[in-house]
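This report concerns only the one structure given below.
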Protein chains: 2
Amino acid sequence: MTEPRVRPTRAQQRRQTEEAILAAARQMFAEVGYDRTTIRAVAKAAGVDAGLVMHYFGTKDELFSRAAKLPAEQLPAEQLPTDTAEQMTEALLASLATRLDSEPVASLAVLRSMLTNTAAAERYRTAAEPRLNQITAAIPTPDAELRAGLLSAIVHGVIIERYLLGLARLADASPDQIIDLLRPCFQALAAAQTPPPPDQPPTDS
Amino acid sequence: MTEPRVRPTRAQQRRQTEEAILAAARQMFAEVGYDRTTIRAVAKAAGVDAGLVMHYFGTKDELFSRAAKLPAEQLPAEQLPTDTAEQMTEALLASLATRLDSEPVASLAVLRSMLTNTAAAERYRTAAEPRLNQITAAIPTPDAELRAGLLSAIVHGVIIERYLLGLARLADASPDQIIDLLRPCFQALAAAQTPPPPDQPPTDS
DNA sequence: GTCTATAACCCGATAGAC
DNA sequence: GTCTATCGGGTTATAGAC
């Protein structure tokens with residue numbers, strides 16, 4: 001009998017090299033974007049032949065699509081509370097703090113490519129949409145959709161300048177420092193006007 | 001004598017076709033980015049031969065560099081007042097309103113390409129630096145540099161989502177609506193905490 | 001000054017040997 | 001399953017005719 005424990009199943013072996021290819025592809029897509037990422041370079045980084053990459057994924061678009069998927073599609077797990085604007089704001093800040101600490105490389109691949117690749121842009125849109133709806137639901141004003149769009153734009157602007165452009169002022173700061181500065185911004189956007197007006201009218205008027 | 005008025009100088013003619021090429025290049029760089037822009041397509045859009053583009057600009061990098069320059073380098077003209085944070089904030093909002101109304105296509109070319117082209121990223125950095133310093137100078141807190149970086153990131157995040165990604169919530173809104181919503185955000189970032197600290201120390205201490 | 005032809009080099013994708 | 005060879009296409013850039 002052949003020892004089936006030591007060298008695992010054909011399918012397992014395949015999944016293993018597939019994962020190595022995907023990891024290399026994610027890294028390169030995140031670093032230089034879709035166009036400048038070549039199948040040949042991905043294969044070399046993964047230690048396999050270029051033909052094998054094509055054999056597994058068929059096309060470069062499919063490779064990008066698979067590489068850009070977050071592991072186990074864990075997105076639906078992180079939901080924002082929509083009860084009050086304050087809760088949503090804090091949850092959004094906490095989510096941003098996590099992303100500022102270590103943004104998944106698959107997300108960076110999408111962000112890096114979304115300005116020059118329509119498939120990446122579409123993936124960005126569909127990934128951001130449920131979150132936009134959650135933010136909108138927590139804001140009690142008629143212009144909630146625009147406010148939610150601005151909050152999302154701020155989050156992504158900060159992440160882009162920190163990770164993709166490496167601007168020193170944002171790249172060197174700590175996540176806590178950034179979210180502490182952004183908290184009043186977010187509260188102003190989510191809570192409409194200031195709760196207590198300065199000069200209180202008489203109680204009976 | 002040959003009539004020199006009707007058909008202008010050789011140099012003028014050259015400048016004219018050069019400008020046509022640059023306009024076509026700006027448009028294409030802004031729409032699809034550096035990599036997907038080809039010399040051939042630019043030449044066709046400008047109504048000239050591809051070889052002529054190379055003859056004028058020598059290399060694709062030089063063509064991008066020339067196309068990405070704002071006309072007459074009018075950047076130093078728009079300076080932000082650095083006297084008080086309030087003045088700077090309003091000026092920054094006014095500048096954003098103008099850009100939301102019609103962002104120069106040369107700027108869009110840089111923004112579209114900066115995530116996948118190092119020359120574009122470098123141009124973005126050097127163009128943003130003087131403005132960052134002006135914003136910093138108007139903020140009276142020790143973390144002024146980080147606050148300025150966040151303000152800049154917000155501005156560019158909004159512009160990117162509006163023009164380059166075409167997200168509906170930001171693309172359909174009016175500039176005035178957007179800056180009115182962003183005003184409290186910017187004030188919170190620029191003005192630090194509430195001006196009068198609650199407990200004043202004794203005068204002589 | 002303008003345009004044609006082509007060189008030299010990449011790429012993604014395919015076919016087939018082993 | 002893995003790798004080599006190659007096809008067909010694209011690009012920038014150059015050389016040279018008109």
Can you measure [X] atom [atom1] to [N] atom [atom2] for me and round it to whole angstrom units?
| X | N | atom1 | atom2 | result |
| --- | --- | --- | --- | --- |
| A:F57 | D:dT2 | CZ | P | 12 Å |
| A:K44 | C:dC10 | NZ | P | 11 Å |
| A:L52 | D:dG1 | CG | P | 9 Å |
| B:D35 | C:dC10 | CG | P | 16 Å |

Qualifying residues under side-chain hydrogen bond (donor to acceptor under 3.5 Å, both in side chains), relative to B:R99, sequence neighbours excluded: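 By the side-chain hydrogen bond (donor to acceptor under 3.5 Å, both in side chains) rule, B:R99 matches B:E103.
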Residues A:D176, A:S174; criterion side chain to side chain donor-acceptor pair (under 3.5 Å); working and verdict: CA-CA 5 Å; A:D176 286 343; A:S174 77; 5.5 Å; no
Lys/Arg-Asp/Glu bridge criterion (N-O < 4.0 Å) met for B:E19, B:R26: yes
Residues A:R125, A:E122: salt bridge by 4.0 Å N-O rule: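 The answer is yes: the pair qualifies as a salt bridge.
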Sugar-phosphate only, base, or nothing, as touched by A:T17 at under 4.0 Å among non-hydrogen atoms: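 No contact at all - A:T17 keeps every heavy atom at 4.0 Å or more from the nucleic acid.
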Touch class at under 4.0 angstrom, heavy-atom based, for A:Y56 against every strand present: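 Sugar-phosphate only.
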Side chain of A:T38 - closest among C:dT4, D:dT11, C:dC11: C:dC11
CG-CG distance between A:L80 and A:L132, expressed to the nearest 0.5 angstrom: 10.5 Å
Whether over 12 other heavy atoms sit under 6.0 Å from B:R36 CZ: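 12 or below, so no.
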Annotated protein contacts, base or backbone, on nucleotides 13-18 of chain D with a non-hydrogen cut-off under 4.0 Å, one of B, S, - each: SB----
